Amino acid sequence: MNLSKKSKVFIYILLTAAAIYFLAPFAYMFFSTFKSEAEAIAYPPKFFPSQWHPENFIKAWTSQPFGTYLWNSILVTVLTTAGQVISCSLVAYGFARYEFKGKNILFMILLSTMMIPWDVTMIPQYMEFNLFGWINTLKPLIVPAWFGSAYYIFLMRQFLMGVPKDFEEAARIDGANAFQIYWKIFMPILKPSLILVGVLNMITVWNDYLGPLIFLQDRSKYTLALGLASFKGVHSTQIVPMLCITVVMIIPPIIIFIIAQKYIVEGTSGSIK
Amino acid sequence: MNRKKFFRTATPYFFILPWVIGFLVFTIGPLIFSLIMSFFDWPLTADPKFIGLGNYIEMFTEDDQFRKSLVISLKYAAIFVPLNMIIALFLAMLITQPVRGVKVYRTIFYIPAVISGVAVSIIWGWILNSDYGILNYLLSLLGIEGPRWLVDPAWALMAVILASAFGVGTMMLIFYTDIKNISIDIYEAASLDGASVSKQFFSITLPMITPTILFNLITSIISSFQQVTLVMLLTGGGPLNSTYFYGLYTYNNAFKHHKMGYASANAWVMFIIILLLTALVFRSSSAWVFYETEAKNSGAKKKRKGGKEA
């Protein structure tokens, strides 16, 4: 399809206007992290700092144990991602490559769990984890991820359904057992789907606020999202340190997204139908 | 021999075992427990007391905030869901145009969707600040006196909607991949027939993506009812409880006031409302959702019928 020059220009104008809407807040925030506090809340506001204060970052970072929060966030993100990738691929493999009694009804149940609002399970889960003695530990945030998540299982199963039926036959004739077939043959094929689920989970868990808010109490257990939110409460009068930590916090998911966006775009396209 | 047979039958169940355990321990167990809790007066620190439908009766007859929060959440969903879908579809149309560099724009539009709600609330709280916020400054350059976004009860809900719409990228991407999958031949045939761009949009693109519209409609209704992080941090439910969303109301009942039984009842009411709304949308979908396979099947049927007659 070819467009006339006039409509091309029109499209670029619209695209650029939208891009400004999405990028300007980030740019404005980025430059403001280098401002003095007085300049950051001056009216009328200025876009660029008149004097650059890179030390703002160090001051903000050392004003609370952000190193500990960062470590907790990394720990939770890495451990849940490993758990999701392993458990979801096992379950998806079972659903996609086998026929067994009750398969359809179990899969329907799996799909319907995606509709349950978090409030309904969050309260009893809190009681449950309290009973296990897990409150104020990172366990409630990590352990459930090792038992799969409906949406990720669904994505991987869709991917596996596309692999030709006779694929495992040859391996079975060679005497490989079920687990070997899953691990040696299907794991490599699943790679794009594993990356997709891994990245989606990393971004979700890194950003999660409600889970940490409910299950953690001590500052030594805080994740970065929770630390930043509590920082907002304490420092609500000071905007610059808050912006500095915000910039630090949003960089990892943005980088991961930019690197892995090919998998996200492709994964989105197959998932709905 | 028997053992071998057992293993063969059991193998698929071994594979799905992690999910089955997780489902029992982290989903259905808590779900049933939550339903039981909703019939109890269950303070966190004292013994629970069975009160039958007491929590539900209190909610509908005595608790004013229940009704108010429900209305706020419904209002939010009624404005946010269509608005978000229109913006998402508009952006998706833009990035499927055959011009160079659209992939860069696609990336830019999606970036706000990958950052934490905590970060979004800080950024927008600062931009919308009525004393030094840049948005009202920019509006003043245009000669408009901006509202006191987060302080004025009449505008706070709009402020939350504005901040939520920042994450429109997720939905945009779903529309985008679907529009991309529409065969280019259909458009070429249409433009040969002289169909205008807007005609092509309304009679090709829109009908072709109705299944995706249905999907986005349902997922965004569900998620807008559960919206809590953003209000908690951007407005805290205020000013004057004007953004006291239902999700926040439930959360506060549970974890601030420690009324676990009452909050469970709150959550179940929301669950039932979500189920009803979803069922309603699904029922209506046969009237407006167009499935390609369906059309093909009925086309094939017609042919077969015609064959018989001949």
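Just so you know, these numbers come straight off a predicted model, no measurement behind them. Every chain is numbered from 1 and lettered A, B, ... according to where its sequence line falls, protein lines coming before strand lines.
Contact of A:Ala42 with chain B is made through the backbone alone, with heavy-atom distances under 4.5 Å. Proximity to chain A involves both the backbone and the side chain of B:Ala119, based on heavy atoms less than 4.5 angstrom apart. Contacts between A:Tyr182 and chain B at a heavy-atom distance below 4.5 Å involve the side chain alone, from C-beta outward. Interface residue A:Met127: only side-chain heavy atoms are found under 4.5 Å from chain B. Of the two parts of A:Ile41, the backbone and the side chain both hold a non-hydrogen atom closer than 4.5 Å to a non-hydrogen atom of chain B. Only the side chain of B:Ile222 comes within contact range of chain A, judged by heavy atoms closer than 4.5 Å. Contact of B:Met37 with chain A is made through the side chain alone, with heavy-atom distances under 4.5 Å. Looking at B:Asn129, neither its backbone nor its side chain comes within 4.5 Å of chain A, counting heavy atoms on both sides. Residue contact with chain B, scored on non-hydrogen atoms closer than 4.5 Å, involves the backbone and the side chain of A:Thr121 alike. Only the side chain of B:Gln97 comes within contact range of chain A, with heavy atoms under 4.5 Å apart. In this structure, no portion of B:Val20 lies under 4.5 Å from any heavy atom of chain A. Neither the backbone nor the side chain of B:Val104 comes within less than 4.5 Å of any heavy atom in chain A. Contact of A:Ala150 with chain B is not made at all, since no heavy-atom distance falls under 4.5 Å. Proximity to chain A is absent for every atom of B:Ser38, based on heavy atoms less than 4.5 angstrom apart. No part of B:Leu17 comes within reach of chain A, as not one of its non-hydrogen atoms sits under 4.5 angstrom from that chain. Heavy atoms closer than 4.5 Å to chain A are found in the side chain of B:Leu91, but not in its backbone. Residue B:Asp131 touches chain A through its backbone alone, counting heavy-atom pairs closer than 4.5 Å. Both the backbone and the side chain of A:Met115 come within less than 4.5 Å of a heavy atom of chain B. For a residue to count as touching a neighbouring chain, one of its non-hydrogen atoms must lie under 4.5 Å from one of that chain's; by this rule A:Tyr98 touches chain B with the side chain only. When heavy atoms are compared at a cutoff of 4.5 Å, B:Thr9 does not approach chain A at all. Heavy atoms of A:Phe257 lying under 4.5 Å from chain B belong exclusively to its side chain. Of the atoms belonging to B:Val197, not a single heavy atom falls under 4.5 Å from chain A. Contact annotation for A:Lys101: both backbone and side-chain heavy atoms come within less than 4.5 Å of a heavy atom of chain B. Contact of B:Phe166 with chain A is made through backbone and side chain together, with heavy-atom distances under 4.5 Å. Heavy-atom distances place the side chain of A:Ser32, and not its backbone, under 4.5 Å from chain B.
We find the OH-NZ distance between B:Tyr13 and A:Lys103 to be 10.5 Å, quoted to the nearest 0.5 Å. To the nearest 0.5 Å, the span separating CG on B:Leu230 from OH on A:Tyr209 amounts to 11.5 Å. Distance check: A:Asp119 CG to B:Gln226 CD gives 6.0 Å after rounding to the nearest 0.5 Å. One distance of note links CZ of B:Phe271 with CH2 of A:Trp118; it measures 14.0 Å at 0.5 Å rounding. With rounding to the nearest 0.5 angstrom, the CD1 atom of B:Ile123 is 5.0 Å from the CD1 atom of A:Ile250.
The shortest distance between side-chain heavy atoms of A:Met249 and B:Ile115 does not fall below 4.5 Å. Side chains of B:Ser34 and A:Ile123 form no contact here, defined as non-hydrogen atoms less than 4.5 Å apart. With a 4.5 Å cut-off on side-chain heavy atoms, A:Met242 and B:Trp126 do not count as touching. A:Tyr28 places a side-chain heavy atom less than 4.5 Å from the side chain of B:Ile134. By the 4.5 Å heavy-atom criterion applied to side chains, A:Leu90 and B:Phe14 are not counted as neighbours. Inter-residue side-chain proximity for B:Tyr251 and A:Ile214 is flagged as met; some heavy-atom pair is nearer than 4.5 Å. B:Thr11 has its side chain out of reach of A:Phe179: every pair of non-hydrogen atoms, C-beta onward, lies at least 4.5 Å apart. A:Asn207 has its side chain out of reach of B:Val118: every pair of non-hydrogen atoms, C-beta onward, lies at least 4.5 Å apart.
Between chain B and the options A:Ile245, A:Ile203, A:Ile116, A:Val91, the largest number of non-hydrogen pairs under 4.5 Å is found for A:Val91. Contact count versus chain B (heavy atoms, under 4.5 Å) is highest, among A:Phe95, A:Phe100, A:Trp146, A:Tyr93, for A:Phe100. With chain A as the partner, the residue from B:Met232, B:Lys180, B:Lys103 showing the most heavy-atom pairs under 4.5 Å is B:Met232. For the options A:Ala40, A:Pro45, A:Gly94, heavy-atom pairs under 4.5 Å to chain B are most numerous at A:Pro45. Per-residue counts of heavy-atom pairs under 4.5 Å with chain B were compared for A:Trp206, A:Tyr126, A:Phe129; the largest is that of A:Tyr126.
Listed here is the closest heavy atom pair of B:Pro30 and A:Glu128: CG-OE1, 3.7 Å. Looking at every heavy atom in both residues, A:Ala178 comes nearest to B:Phe15 through O-CZ, 3.8 Å. In terms of heavy atoms, A:Leu210 sits closest to B:Val228 at CD2-CG1, 3.4 Å.
No more than 12 heavy atoms of other residues, nucleotides or ligands sit less than 6.0 Å from atom CZ of A:Phe10. Within a 6.0 Å radius of OH in A:Tyr43, more than 12 heavy atoms belonging to other residues, nucleotides or ligands are found. Atom CH2 of A:Trp183 is surrounded by 12 or fewer heavy atoms from other residues, nucleotides or ligands within 6.0 Å.
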Legend entry - Step-by-step side chain to side chain contact (heavy atoms under 4.5 Å, CB included) determination, A:Leu15 to B:Phe109: CA-CA 9 Å; A:Leu15 280 168; B:Phe109 298 169; 4.0 Å; yes

Inset, instruction - Might you work through the side chain to side chain contact (heavy atoms under 4.5 Å, CB included) test for B:Arg106 and A:Val265, ending with a clear yes or no? - result: CA-CA 10 Å; B:Arg106 187 187 73 194; A:Val265 174; 3.6 Å; yes

Legend entry - Steps toward side chain to side chain contact (heavy atoms under 4.5 Å, CB included) verdict (B:Phe26, A:Gln125): CA-CA 7 Å; B:Phe26 300 119; A:Gln125 269 186 16; 4.0 Å; yes

Legend entry - Test side chain to side chain contact (heavy atoms under 4.5 Å, CB included) applied to B:Ile127 and A:Met29, step by step: CA-CA 9 Å; B:Ile127 289 175; A:Met29 173 169 70; over 6 Å; no

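Within residues 18-25 of chain A, the residues having any heavy atom under 4.5 Å from a heavy atom of chain B are, by residue number, A:Ala18, A:Ala19, A:Tyr21, A:Phe22, A:Leu23, A:Pro25. The stretch residues 105-112 of chain A places A:Leu106, A:Ile109, A:Leu110 near chain B, each with some heavy atom under 4.5 Å from a heavy atom of that chain.
Under the 6.0 Å cut-off for aromatic ring centres, A:Phe47 and B:Tyr137 do not qualify, their centroids lying 6.0 Å or more apart.
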